[in-house]
J.: 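One structure coming up, written as structure tokens, with questions to follow.
Read the numbers this way: they start at 1 and go in the same order the structure lists the ligands and their atoms. On a predicted model such as this, the values are computed, not experimentally measured, just so you know.
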Amino acid sequence: MERKNTWELYDKKQLKELEKLNKEYRNFLDNGKTERECIDVIVNTIEAAGYRELEALVSKGEILKEGDKVYSVCMNKSVAMYKIGKKPLSEGMNILGAHIDSPRLDVKQNPLYEDNGFAYLDTHYYGGVKKYQWVTLPLAIHGVVVKKDGTTVEVNIGEEEDDPVFFISDLLIHLAGEQMEKKAAKVIEGEALDIIVGNKPLLIEKSKEEDKNADGKKEKVKEAVKAGVLDILKETYDFEEEDFLSAELEVVPAGKAREAGFDRSMILAYGQDDRVCAYTSLQAMLDVKKCEKTVCCILVDKEEIGSVGATGMQSRFFENSVAEVMNLLGEYSELNLRRALSRSNMLSSDVSAGFDPSYGSYFEKKNAAYLGGGMVFNKFTGARGKSGSNDANAEYIAHIRNIFEKKKINFQTAELGKVDVGGGGTIAYILALYGMNVIDSGVAVLNMHAPWEATSKADVYETYRGYKAFLEEA
Ligand code: MN
Ligand code: MN
């Protein structure tokens with residue numbers, strides 16, 4: 001089968017739109033480096049577009065009608081948004097879903113220690129990472145510290161030009177003979193991913209009362225470097241060591257999303273898995289015209305660790321919000337809810353492994369996703385004989401194909417690497433439990449799960465177009 005390169009298909013007007021969308025996409029990445037930050041950005045954006053919070057409408061007992069736009073946030077980490085269509089909800093929705101969590105290093109609950117003059121924060125990595133990729137990079141800390149009284153300190157250090165950054169050290173090459181012989185999985189082990197956060201001891205004035213021979217000199221306190229860091233945390237952020245107990249601090253690569261290549265055809269950025277699909281889904285949702293069916297977009301947390309927890313896709317959060325929406329439409333019954341879900345169509349989005357010529361032997365060329373090849377569909381994902389996959393129905397794929405061809409959306413189909421080489425999962429199988437039509441789709445990425453991942457600007461734009469076509473036509 002012949003594949004088209006998406007860049008060849010655009011006219012001047014589209015290229016202009018493509019650049020605009022990708023610039024906004026980079027802003028989204030820069031402002032949303034954690035799931036919480038993504039939710040902040042998303043809620044601000046959709047509220048400006050007329051979306052109203054579902055819970056507020058529920059407590060006011062408001063009625064919903066065609067054209068209304070509502071959203072619901074779960075624990076500041078997941079969101080579901082709806083634009084009410086003409087048809088009853090029980091006839092099904094068109095749903096876009098993606099995840100907004102990304103691999104990173106999470107700061108432990110008792111993290112701060114001093115060792116030979118360095119202060120460290122101990123971390124536990126989140127999601128699948130090649131640990132050796134995370135050393136000797138400038139790192140930033142993003143997150144929240146929630147104090148006992150319920151007040152939240154928002155932390156974002158390392159992104160501004162005059163902010164300090166943090167780093168993980170690596171053994172110098174001169175002494176690395178033995179280290180270089182180790183397997184890549186062992187070169188840097190999980191417990192070695194502690195970030196260096198200080199090297200200067202805290203000095204305090206000798207007090208005149210305590211020391212008769214006070215000479216104005218300063219003296220070191222015990223574990224003075226750690227004490228120095230704590231002093232700064234107290235001074236600048238108003239929290240104490242104990243407050244790490246109720247903190248969620250995420251260590252991510254410091255720096256902004258960049259255009260890549262002489263031709264500026266790509267985006268190199270942290271966290272594109274899966275904020276590239278989240279962003280394009282969100283934009284499609286905002287730009288969607290009048291719809292027959294209710295359209296919906298869910299952007300969730302915890303995909304990278306199995307969609308677990310209250311904010312992951314396995315949570316009842318989404319189902320509950322559908323029930324609330326139906327209730328405000330005067331349509332709710334247990335049976336109508338089940339019908340709404342089972343009659344829905346969904347694009348479950350996630351990044352796909354882009355074919356990498358440097359590692360070509362791990363892919364099967366005819367069934368690989370290519371950067372610039374357009375939006376990707378994966379009939380199935382999984383590993384070892386499709387295990388763990390949602391295997392989309394041929395009938396549903398035909399329906400989607402028809403829409404995409406009619407709307408001139410460039411797409412490609414792919415598997416994640418060669419058979420038996422590896423694999424991966426997404427949220428698709430969870431929504432499929434309702435008996436709805438679901439297919440995995442998304443954007444091809446190079447160096448997936450690395451601190452800096454690459455995508456094609458053409459794919460970002462084409463995927464946005466594809467999502468919009470799906471919402472309007474499926
Ligand atoms: Mn992933
Ligand atoms: Mn993903």
J.: By salt bridge (charged side-chain N to carboxylate O under 4.0 Å, His left out), which residues pair with Lys302, not counting sequence neighbours?
T.: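 Testing Lys302 for salt bridge (charged side-chain N to carboxylate O under 4.0 Å, His left out), a comparison that skips the adjacent residues, returns none.
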J.: For distances below 2.8 Å, what is the count of protein N, O or S atoms around the Mn ion (ligand 2)?
T.: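 Count of protein N, O, S atoms less than 2.8 Å from the Mn ion (ligand 2): 4.
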J.: Distance-only, no hydrogens or angles: does the Gln314 side chain make a donor-acceptor pair with backbone N or O of Gly306 under 3.5 Å?
T.: yes
J.: Compute whether any side-chain donor of one residue and acceptor of the other, for Thr6 and Tyr461, lie under 3.5 angstrom apart.
T.: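 Note: Thr6 and Tyr461 side chains miss the donor-acceptor criterion.
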J.: Is it true that the side chains of Glu473 and Asn402 contain a donor and an acceptor less than 3.5 Å apart?
T.: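 No, because no side-chain N or O of Glu473 sits under 3.5 Å from a partner of the opposite role on Asn402.
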J.: Just grab all the side-chain hydrogen bond (donor to acceptor under 3.5 Å, both in side chains) pairs involving residues 383-394, residues at least two apart or on different chains.
T.: Lys379-Asp391, Lys386-Asp391
J.: Could I get the full list of ring-ring contact (aromatic ring centres under 6.0 Å, His included) partners for Tyr120, not counting sequence neighbours?
T.: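 So Tyr120 forms a ring-ring contact (aromatic ring centres under 6.0 Å, His included) with Tyr113.
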